[in-house]
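As the structure is a prediction and not an experimental result, all values here were calculated from the model.
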Amino acid sequence: TDNTMKDMAYDKSKGWYEGTLGKKRFMTAPYSKLAACQLKGPDMTLRVYCQMADNTIQEYGVKGKSPADKCLLVLTGDR
């Protein structure tokens with residue numbers, strides 16, 4: 001199993017597509033869960049938190065001026 005974080009985003013004109021975090025293939029602990037929050041401001045920001053193999057919590061972020069209409073976050077591998 002690969003234990004990577006993936007995200008899918010939805011845009012009315014594009015449909016579903018692989019998001020910025022998914023393209024980076026960030027690794028997580030096999031027992032990790034995800035938490036996410038969206039910060040509103042001049043640039044929309046998505047923050048995602050997961051647990052690493054050394055039991056630390058890692059934060060990943062994405063900034064963008066035109067966020068997708070919807071976003072789906074998943075972890076791959078055995079859960």
Side-chain angles (χ1 to χ4, degrees):
T1 61
D2 57 0
N3 301 317
T4 58
M5 183 186 337
K6 295 184 181 175
D7 70 316
M8 298 296 294
Y10 180 81
D11 181 277
K12 290 176 193 172
S13 62
K14 297 182 198 176
W16 286 100
Y17 61 94
E18 185 174 34
T20 304
L21 290 174
K23 291 177 183 174
K24 296 184 186 246
R25 303 285 189 258
F26 290 121
M27 301 291 293
T28 66
Y31 43 82
S32 182
K33 304 289 186 212
L34 290 179
C37 66
Q38 182 178 347
L39 306 174
K40 293 193 177 199
D43 292 329
M44 298 295 284
T45 304
L46 175 68
R47 295 280 183 226
V48 179
Y49 303 88
C50 63
Q51 190 169 0
M52 307 304 286
D54 65 359
N55 291 323
T56 59
I57 302 299
Q58 178 67 46
E59 176 188 58
Y60 295 106
V62 177
K63 280 178 86 171
K65 292 193 180 286
S66 57
D69 296 323
K70 297 176 183 157
C71 182
L72 173 66
L73 294 163
V74 295
L75 290 172
T76 62
D78 294 335
R79 299 279 174 237

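Nearest approach of Lys23 to Glu18, heavy atoms of both residues: CE-O, 3.5 Å. The heavy-atom pair separating Cys50 from Ser32 by the smallest distance is CB-OG, 3.5 Å. In this structure, Met27 and Tyr60 approach most closely via the heavy-atom pair O-OH, 4.2 Å. The two residues Thr4 and Arg25 make their nearest non-hydrogen contact at CG2-O, 4.0 Å.
Summarising the geometry, atom CD belonging to Gln58 is positioned 5.5 Å from atom CE belonging to Met52; distances are rounded to the nearest 0.5 Å.
Linking ILVMFWY side-chain heavy atoms closer than 4.5 Å, directly or via other members, places Leu34 and Tyr49 in two distinct hydrophobic clusters.
Using cut-offs of 30° and 60° for the angle between ring planes, the Trp16 and Tyr10 rings count as tilted.
Evaluation of the side-chain contact (heavy atoms from CB on, under 4.5 Å) rule for Lys14 yields Asp11, Tyr17 as partners, not counting sequence neighbours. Not counting sequence neighbours, the partners of Asn55 by the side-chain hydrogen bond (donor to acceptor under 3.5 Å, both in side chains) test are Tyr31, Gln51.
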